[in-house]
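All remarks here apply to the structure that follows.
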Amino acid sequence: MILSSFVTIGHVGLSAGQPVCQRLGMDVTAVPTVILSNHPGWPHVARAPVAAEQIVAMVEALSSNGWLADHQAVLVGYMPTIEHVDAAAALVKRIRAVADKPCIVVDPILGDWPQGLYVSEDVAHAVRDRLVPLADTVTPNLFELEWLSQRKCRTVDDAKRAVQALGVQTVHVTSPPLGSEKTGVLSLSDGDIHAYCTPRYPDVPHGVGDVFVALIAADVPVGQALGHVHALARSSQGQEHLNIVGASADWVSAPAIAASRKD
């Protein structure tokens, strides 16, 4: 299940994670938290949050039909209001009560450099205090890791200490401090930390992070998930939106990215 933003054109949030997982043969229950015409980085955008009460009603309907217990994972993404955070937290607890050891992934979509927070501070605090503690896995970008941990992360060692401060079993940091020409993922699980590096491609559309996080929630290994994302980013350079459909033969067959241990 993915709870996140939905766009009518393009591939970000739910509209990125769902088609990629489906292309790899995985079922996805899609629960939108906000509906937008397109990514808000474009000059014109229309948006409307899906009321938290409606999300609660949708979950109740899924439960009444006997479908919640079938879920192996829940990915919590963009939360527009505190009420949405509360609805997401309630859903996580409800699925944990009926499903067999579901993996809970929280993608704390709070902001990025250089603009800072793009949700309210109240929502950011609610995500940190009410959702992150429920997670098995958290997937912040570097700005979000700094905000959540209240620590500066200029080096890999800085990021490792910040990750440990979150108190979550597994953390995958996207766009970590790996240098100006590289990007990738810094992954810490059970005390071990590994770096997965790829070239940094310019002019890539929004949504690659959303694809990566969805694959992680679908239990795709980190290196393989990043291999898919790397190939998709390379095939989408210079386009308005991620080329999920047109480049599927390329990114679906992409090899895994090897990890290097960072002690």
Side-chain angles (χ1 to χ4, degrees), residues 1-7 10-26 28 30 39 72-78 103-113 132 135-145 148 159 163 168 170-178 182-189 193-201 204-237 239 241-245 247-248 250-260:
M1 179 181 292
I2 302 177
L3 289 79
S4 197
S5 57
F6 175 87
V7 293
H11 296 291
V12 295
L14 177 56
S15 301
Q18 184 177 26
V20 166
C21 289
Q22 288 175 326
R23 180 62 181 82
L24 295 176
M26 306 165 192
V28 178
H39 186 276
Q72 298 175 321
V74 178
L75 168 57
V76 179
Y78 179 72
C103 179
I104 308 302
V105 180
V106 173
D107 185 18
I109 302 176
L110 307 178
D112 205 350
W113 298 113
V132 170
D136 300 304
T137 299
V138 177
T139 57
N141 62 30
L142 194 60
F143 169 84
E144 291 157 350
L145 176 62
L148 291 169
V163 164
V168 178
T170 301
V171 179
H172 304 302
V173 183
T174 58
S175 60
L178 298 175
K182 294 181 180 180
T183 187
V185 174
L186 197 64
S187 178
L188 190 145
S189 182
I193 189 165
H194 294 85
Y196 299 81
C197 302
T198 68
R200 185 183 297 276
Y201 293 115
V204 174
H206 296 286
V208 289
D210 300 310
V211 170
F212 172 77
V213 172
L215 293 175
I216 291 298
D219 201 29
V220 176
V222 178
Q224 185 59 73
L226 189 59
H228 290 314
V229 168
H230 170 248
L232 178 58
R234 183 186 59 214
S235 299
S236 302
Q237 280 186 276
Q239 301 192 33
H241 310 293
L242 289 179
N243 193 17
I244 290 176
V245 176
S248 62
D250 185 29
W251 66 260
V252 167
S253 61
I257 303 295
S260 60

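For the pair H172/V222, a side-chain contact is recorded, criterion being any heavy-atom separation below 4.5 Å from C-beta on. Inter-residue side-chain proximity for S5 and I109 is flagged as unmet; no heavy-atom pair is nearer than 4.5 Å. Side chains of V106 and V168 form no contact here, defined as non-hydrogen atoms less than 4.5 Å apart. Contact check for D210 versus D107: side-chain heavy atoms found under the 4.5 Å cut-off. Between V220 and M26 there is a side-chain heavy-atom pair separated by less than 4.5 Å. The shortest side-chain heavy-atom distance between V252 and L24 falls under the 4.5 Å cut-off.
The two atoms that bring S4 and G77 nearest to each other are OG-CA, 3.7 Å, heavy atoms only. When all heavy atoms of G10 and H241 are compared, the pair lying nearest together is CA-ND1, 3.4 Å. N141 approaches S175 most closely through the heavy-atom pair CB-OG, 3.7 Å. In this structure, K182 and R200 approach most closely via the heavy-atom pair O-NH2, 2.8 Å. A214 and I2 make their closest contact through CB-CD1, 4.4 Å (heavy atoms, listed as atom of the first residue, atom of the second, distance). Among all heavy-atom pairs drawn from V171 and P140, the shortest one is CG1-CD, 3.8 Å.
Between W251 and H228, the ring-plane angle classifies as perpendicular under the 30° and 60° cut-offs.
A distance-only check finds a donor-acceptor pair linking the side chain of Q224 to the backbone of A254 [under 3.5 Å].
To the nearest 0.5 Å, atom CD1 of residue I216 and atom CG of residue L75 are 10.5 Å apart. We find the NE2-CD1 distance between H194 and I257 to be 15.0 Å, quoted to the nearest 0.5 Å. Note: F143 CZ to L110 CG = 7.5 Å, rounded to the nearest 0.5 Å. H230 contributes atom NE2, which lies 10.0 Å from atom OG1 of T183 (distance to the nearest 0.5 angstrom). Rounding to the nearest 0.5 angstrom, the gap separating the CG atom in D136 from the SG atom in C103 is 5.0 Å. Between L226 atom CG and L232 atom CG the span is 11.5 Å, to the nearest 0.5 Å.
Each of L188, V138, T137, V163 was scored for a side-chain contact (heavy atoms from CB on, under 4.5 Å) with T170, with one residue passing: T137.
Applying the 6.0 Å contact sphere to CG of D250 captures more than 12 heavy atoms from other residues, nucleotides or ligands.
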